[in-house]
Peer 1: 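To start, I am sharing the structure in question, which I have written as structure tokens.
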Amino acid sequence: MTWFIVIALMFALFALNMRIYLAMFAAVVAYFVFFSTVPLPIAVQRIISPTQNTSLLAIPFFVLLGTLLGTTGIAGRLLKLADLMVGRLTGGLGHTNVMLSTLMGGISASNLADAAMMCRILVPEMRRQGYSAGAAAAITACGSLITPIIPPGIALIIYALVADVSIGAMFTAGILPGLMCATLLIFAVWLNARSRGLKPSRDSWPTAQETRQTIIGAWPALFLVLVIVGGIRLSIFTPTEAGAVATIVTLAIGLFLYREMKLADVGAAFAETARQTSAVLLVIMTSSALAWIFSMERAGITMAELITNLTTNPWLFLLAVNLMLLVLGMFIEGTALMIILVPLLKPVVQQLGIDPVHFGIVLILNLSIGTLTPPVGTVLLLVTNLTGAKLAEFLRDGWPFLLALVVALLLVTFVPAISLALV
């Protein structure tokens, strides 16, 4: 049971606010120094070996893609398209916020970048149109959770690598759950806006000419979605190749088509991509060593025996996992939880006959909700800081939107076809 001591040490270091990769690295070193006779060079080898996986190249490409999008002018044109689609509904800008997150989710890979952008371009106008600070912040935060679920979310790539499943399958599986989250959020926004007497952001539905002009202006962004999702779905590209092609297309759009991107923006985007990719890779490298330790200590098998002694019902297992993750997600960052728990739970998932792709979507959606819960919810902290909303306001006015996401989680959990229909 030395693996349990390793996990306890890691959680203790998380509680002390140590960086994720450092806490994992310390736990790995402690295992090899105090609990194992395996030479330390093996530990170094296990940490470095994941960097030889060419699938990891998908991460910097999609991070760079998301970073570049803010300087191309694509977001503004997608905003017009989103408003054209749902602005006539009661509470128009709230619906536009969710729809823009959905459209951006098809080309961006970062929910934090998505939330920051919405806070800047939509929240001030939402406040002027009657939304409270808490409701505007909550809609923005909840809408940004669509980004990691719809491809090319980074969480989909990380899970695929840790669980040893196809990145393309995870991308495809995330489409319907992401669209369902958007639909439920729009319904929740409509109910909330109706009860508060909020008006649409448009006086009438768009004319045919306005629709045509808006779509023509937004076609490069829609083409990016087609390149990423369609190229992978039709087996034209691997996910890594799709990221590379989409990045080149984005540069061409920003520099030559819209001409809103400057060379300085490109340099800044590469620098930011290097920082974000380094942080992700450090976590993946240390988690690989942890997964090797769990394998050596038969931790997954032990966990499978323990859980199957309690229940062999896959639905009870999924319900228990959801409850556990919702609680743990309040205190521990989602990426760390995913990387720690997937190697432990994978044998149980296989033994109970649960599709690992379906389980991955459930896990990612659950951990995404965790980013909205105090005290360590990253999206919650970012949005409340940028909008000036207080935590109490966020929770008081935002609970209908959080409830919509929990309903989506339950539907994805107990209706596997939502995740697997397109795979």
Side-chain angles (χ1 to χ4, degrees), residues 57-85 96-97 99-125 140 143-144 146-148 150-154 157 171 211-232 236-280 382 386:
L57 287 171
I59 294 176
F61 281 130
F62 284 118
V63 171
L64 177 59
L65 176 62
T67 307
L68 289 171
L69 285 174
T71 62
T72 58
I74 286 176
R77 289 163 176 83
L78 284 179
L79 174 59
K80 292 180 181 179
L81 178 61
D83 186 61
L84 180 130
M85 295 170 68
T96 301
N97 192 322
M99 184 57 65
L100 181 56
S101 290
T102 306
L103 294 173
M104 288 296 293
I107 47 181
S108 174
S110 171
N111 58 340
L112 289 174
D114 183 39
M117 180 187 68
M118 299 299 174
C119 289
R120 186 178 68 253
I121 66 176
L122 273 179
V123 169
E125 187 62 30
T140 300
S144 72
I146 299 170
T147 302
I150 289 182
I154 296 298
I157 300 173
F171 276 10
T211 301
R212 183 170 59 254
Q213 291 175 343
T214 304
I215 293 176
I216 290 173
W219 76 262
L222 301 177
F223 177 69
L224 274 178
V225 177
L226 182 64
V227 167
I228 296 170
V229 179
I232 295 172
I236 299 173
F237 307 125
T238 66
T240 301
E241 292 166 347
V245 172
T247 300
I248 294 172
V249 172
T250 301
L251 286 169
I253 291 171
L255 292 172
F256 305 114
L257 184 61
Y258 292 156
R259 298 183 181 179
E260 296 184 20
M261 182 187 290
K262 300 178 178 62
L263 289 178
D265 297 327
V266 178
F270 273 97
E272 180 61 25
T273 299
R275 284 191 290 269
Q276 292 189 33
T277 303
S278 298
V280 173
L382 174 71
L386 292 179

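If you're wondering where the values come from, they're calculated on a predicted model, not measured in any experiment.
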Peer 1: To check you understand the geometry: which heavy-atom pair defines the closest contact between Ser101 and Ser144, and what is its length?
Peer 2: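 The answer is OG-N, 3.9 Å.
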
Peer 1: Would you indicate whether the side-chain heavy atoms of Leu386 and Val123 approach each other to under 4.5 Å?
Peer 2: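 Result no, sub-4.5 Å side-chain heavy-atom pair not found.
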
Peer 1: Are side-chain heavy atoms of Pro239 and Ile157 found at a separation under 4.5 Å?
Peer 2: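 SC-SC contact between Pro239 and Ile157 ruled out.
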
Peer 1: Would you call Met261 and Val266 a side-chain contact if the rule is heavy atoms closer than 4.5 Å?
Peer 2: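 Heavy-atom side-chain distance check passes, below 4.5 Å.
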
Peer 1: Side chains of Ile59 and Gln276: does their closest heavy-atom pair fall under 4.5 Å?
Peer 2: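 Ile59 vs Gln276: side chains apart.
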
Peer 1: Distance from Trp219 atom CH2 to Leu226 atom CG, nearest 0.5 Å?
Peer 2: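 Answer for the CH2-CG pair, Trp219 versus Leu226, is 11.0 Å.
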
Peer 1: Please evaluate residues Leu65 and Ile228 with respect to the criterion side chain to side chain contact (heavy atoms under 4.5 Å, CB included), reporting the C-alpha separation (whole Å), side-chain torsions for both, the decisive distance (0.1 Å), and the verdict.
Peer 2: CA-CA 11 Å; Leu65 176 62; Ile228 296 170; 3.7 Å; yes

Peer 1: Give, for atom CD1 of Ile215 and atom CE of Met85, the distance between the pair rounded to the nearest 0.5 Å.
Peer 2: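 One finds 9.0 Å between CD1 of Ile215 and CE of Met85.
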
Peer 1: Atom CD of Glu125 and atom CG of Asn97: how far apart are they, to the nearest 0.5 Å?
Peer 2: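 Separation between the atoms: 12.0 Å.
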
Peer 1: Only one of Thr67, Leu57, Ile154, Thr273 passes side-chain contact (heavy atoms from CB on, under 4.5 Å) with Phe62; say which it is.
Peer 2: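 It is Ile154, the one option of Thr67, Leu57, Ile154, Thr273 that forms the side-chain contact (heavy atoms from CB on, under 4.5 Å) with Phe62.
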
Peer 1: Examine distances only and state if a side-chain atom of Asp83 and a backbone atom of Lys80 form a donor-acceptor pair shorter than 3.5 Å.
Peer 2: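 Not at all, since once roles are kept as given, no pair shorter than 3.5 Å links the two residues.
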
Peer 1: CG/Leu79 to CD1/Ile74 distance, rounded to the nearest 0.5 angstrom?
Peer 2: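 Those atoms lie 13.5 Å apart.
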
Peer 1: Going by heavy atoms in the side chains, are Tyr258 and Pro220 under 4.5 Å from each other?
Peer 2: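 Heavy-atom side-chain distance check passes, below 4.5 Å.
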
Peer 1: Taking all non-hydrogen atoms of both residues into account, name the closest pair between Leu382 and Ala115 and its distance.
Peer 2: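 So the minimum-distance heavy-atom pair works out to CD2-CB, 4.2 Å.
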
Peer 1: Between CG of Leu251 and CG of Leu64, what distance do you get to the nearest 0.5 Å?
Peer 2: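 Taking CG in Leu251 and CG in Leu64, the distance rounds to 6.5 Å.
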
Peer 1: Do Leu81 and Leu222 have side chains that approach each other closer than 4.5 Å (heavy atoms only, starting at C-beta)?
Peer 2: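 Counting from C-beta outward, Leu81 and Leu222 do come under 4.5 Å.
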
Peer 1: Is it the case that atom CZ in Phe223 sees more than 12 heavy atoms from other parts of the structure closer than 6.0 Å?
Peer 2: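 Result for CZ/Phe223: open.
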
Peer 1: Working to the nearest 0.5 angstrom, can you tell me the gap between Thr72 OG1 and Leu257 CG?
Peer 2: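 So the OG1 of Thr72 and the CG of Leu257 are separated by 10.0 Å.
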
Peer 1: Taking Met118's backbone N and O only, do any of them form a donor-acceptor pair with Thr140's side chain (distance below 3.5 Å, no angle check)?
Peer 2: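 Side chain of Thr140 to backbone of Met118: no pair is present.
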
Peer 1: Which atom pair, heavy atoms only, marks the closest approach of Leu103 to Leu78?
Peer 2: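 It is CD1-O, 3.9 Å.
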
Peer 1: What closest approach, in Å, do Phe171 and Gly153 show between heavy atoms, and which atom pair accounts for it?
Peer 2: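 Between these two residues, the closest heavy atoms are CE1-O, 4.1 Å.
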
